[in-house]
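Because the structure is a prediction, the values reported are computed rather than measured. Just so you know, residue 1 is the first one in the sequence shown, and it goes up from there. Whatever order the structure lists them in is the order used to number ligands and atoms, beginning at 1.
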Amino acid sequence: MTVADGPADLVLTGGRVQTHDAARRITQALAVRAGRFVAIGTSREIGDLIGPRSRVIELAGRMVLPGFQDAHVHPLTGGLARLRCELHERRGLETYLEIVRAYAESHPDEPWIRGDGWHMADFPGGTPRREDLDRVVPDRPVYLRNRDVHGAWVNTLALELAGIGMETPDPPSGRIERDAAGLPSGTLHEGAMQLVERLLPLDTPEERERALLLAQAELHALGITAWQDAWATPEVLDTYQSLAERGTLTARVVAAQWWDRDRGAEQISEIEERRGRVRVGRLRATSVKIMQDGVLENFTAAVLEPYLDVAGRPTSNRGLSFVDPVALKGYVTRLDAAGFQVHFHAIGERAVREALDAIEAARQANGPTDGRHLIAHLQVIHPADLPRFRALGVVANAQPMWAFLGDQMTRLTIPFLGPERSGWQYPFRSLRRTGARLCMGSDWSVSSANPLLEIEVAVRRVSPFSRDDPPFLPDEALDLPAALEAFTIGSAFANHLDAETGSLEVGKAADLVVLDRDLFAPDAGPIGEARVLLTLVEGVPVFEDPALGAA
Ligand SMILES: [Zn+2]
């Protein structure tokens with residue numbers, strides 16, 4: 001790059017430019033032309049590229065990073081929740097009931113009251129009851145998923161419409177919560193949610209598109225320029241595709257196509273067909289999401305040793321393997337051979353092991369591939385499995401927002417795992433120490449989509465909503481550069497986007513974020529309080545805070 005090539009379109013100067021390139025260079029300024037970085041260096045070097053038409057942003061010491069990439073997120077769910085009965089933002093039974101009542105009153109024509117976002121820890125045993133909902137909505141069915149989307153709270157009418165009664169057996173991959181008399185009590189876990197969900201009116205394509213655009217705007221405002229959608233059913237893919245075709249999908253999106261666990265290998269040809277079709281603009285459908293287990297809080301995560309009961313005695317329950325582990329090896333081997341990335345959901349240490357075993361089988365059959373298979377969540381990892389991530393080339397997809405001592409952890413998790421296994425949770429530093437590659441994601445709408453909050457927890461292991469709490473397993477905390485790396489170049493690698501994005505390097509696409517402060521400054525304050533001022537994708541602002549101009 002020389003001045004002879006002409007002035008830059010955009011220059012950012014006088015800041016802390018954290019490149020996350022291989023040399024981890026930190027400098028002051030950069031220049032963008034035609035959507036790409038044309039120079040990165042000191043403010044003085046870059047000053048030569050300022051021409052009469054260049055836009056110049058004085059950073060005044062603020063920080064520039066590669067755009068954040070969320071390696072595991074559910075934007076459509078998050079966007080739809082914004083359109084529906086939204087429980088994510090507030091807490092407590094009476095608060096929830098008030099929101100539901102108000103929503104039902106203001107939406108008299110909706111045949112079903114649908115919503116998301118209640119918190120298991122707000123209910124004894126994590127299981128809300130139908131009678132409470134009956135008090136506020138007796139005459140229409142109500143279906144409310146919890147924030148991790150692994151359970152639903154329903155009223156009596158919804159149970160009746162679904163024909164769920166005393167005699168209804170639990171489906172193979174789920175459980176109907178029952179009272180002492182055996183009557184369904186109003187919580188449906190995992191696969192049992194389907195019994196009601198299949199009755200819900202379908203979201204219209206217009207609603208989905210509106211929800212996805214809403215989500216995209218929210219994610220861009222948080223500095224996110226690319227993501228992996230971890231639940232791309234055919235309907236979700238259609239929504240992305242229509243935005244991409246109209247040119248309104250500004251984010252780079254890798255869609256992880258949903259593996260239907262009620263079917264087998266025969267679905268692979270359909271998944272391949274969709275991969276070929278869905279290749280529009282910044283959209284790719286090159287990943288496949290396999291959900292291998294549930295979650296610990298309702299005892300559906302697959303564990304090696306049984307869960308304990310409230311008195312600390314072993315039960316006979318080891319959770320659920322949603323896909324038979326032997327069949328899983330075959331599916332993963334075929335997907336890997338077909339050039340797919342496999343993106344696992346694995347929470348319990350048995351599910352993690354089953355996923356690793358399946359990838360090992362694929363490696364033995366196919367040799368090394370560039371699949372960059374991901375295991376997401378990784379709540380409990382048996383120590384013997386830690387080195388296998390590096391050995392098998394598996395990317396650890398961390399959701400750091402969960403790694404703190406909240407009531408979900410202290411009341412619903414630790415007592416039932418026991419002390420030893422509780423110490424194996426979210427072992428991010430141990431994974432890094434073994435040489436594993438780390439990427440990060442939010443799992444929004446399960447958790448906040450804000451990467452800075454997530455990075456704060458990765459670094460401190462304390463809730464950003466209760467910052468004076470003691471840290472949770474502080475030996476597993478990452479340092480700030482490592483956490484930033486995971487959310488930028490780490491996730492770009494996981495998304496197969498690292499050749500184009502993920503670091504600030506000459507020639508790469510100008511995807512970046514400007515924060516309102518230098519996170520490394522001694523007076524920076526809590527990481528999660530930093531704000532995004534500017535987000536660029538390929539040099540184009542997709543979010544800009546007016547405060548940016550007031551440097
Ligand atoms: Zn998820």
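- Counting only distances under 2.8 Å, and ignoring water, the protein N, O or S atoms around the Zn ion (ligand 1) are H72 NE2, H74 NE2, D443 OD1.
- Aromatic rings from Y143 and W153 are positioned such that their centres are separated by 6.0 Å or more.
- Contacts classified as salt bridge (Lys or Arg N to Asp or Glu O under 4.0 Å) and involving residues 472-485 (residues at least two apart or in different chains) are given here: R24-E485, R432-E485.
- Residues W444 and H74 keep their aromatic ring centres 6.0 Å or farther apart.
- Taking the ring centre of F404 as origin, the terminal cationic atom of R461 falls outside the region bounded by 6.0 Å and 45° from the ring axis.
- Sequence neighbours left out, the pairs with a member in residues 333-344 that pass salt bridge (Lys or Arg N to Asp or Glu O under 4.0 Å) are D336-R363.
- For Q399, the side-chain hydrogen bond (donor to acceptor under 3.5 Å, both in side chains) partners are H377, N397, not counting sequence neighbours.
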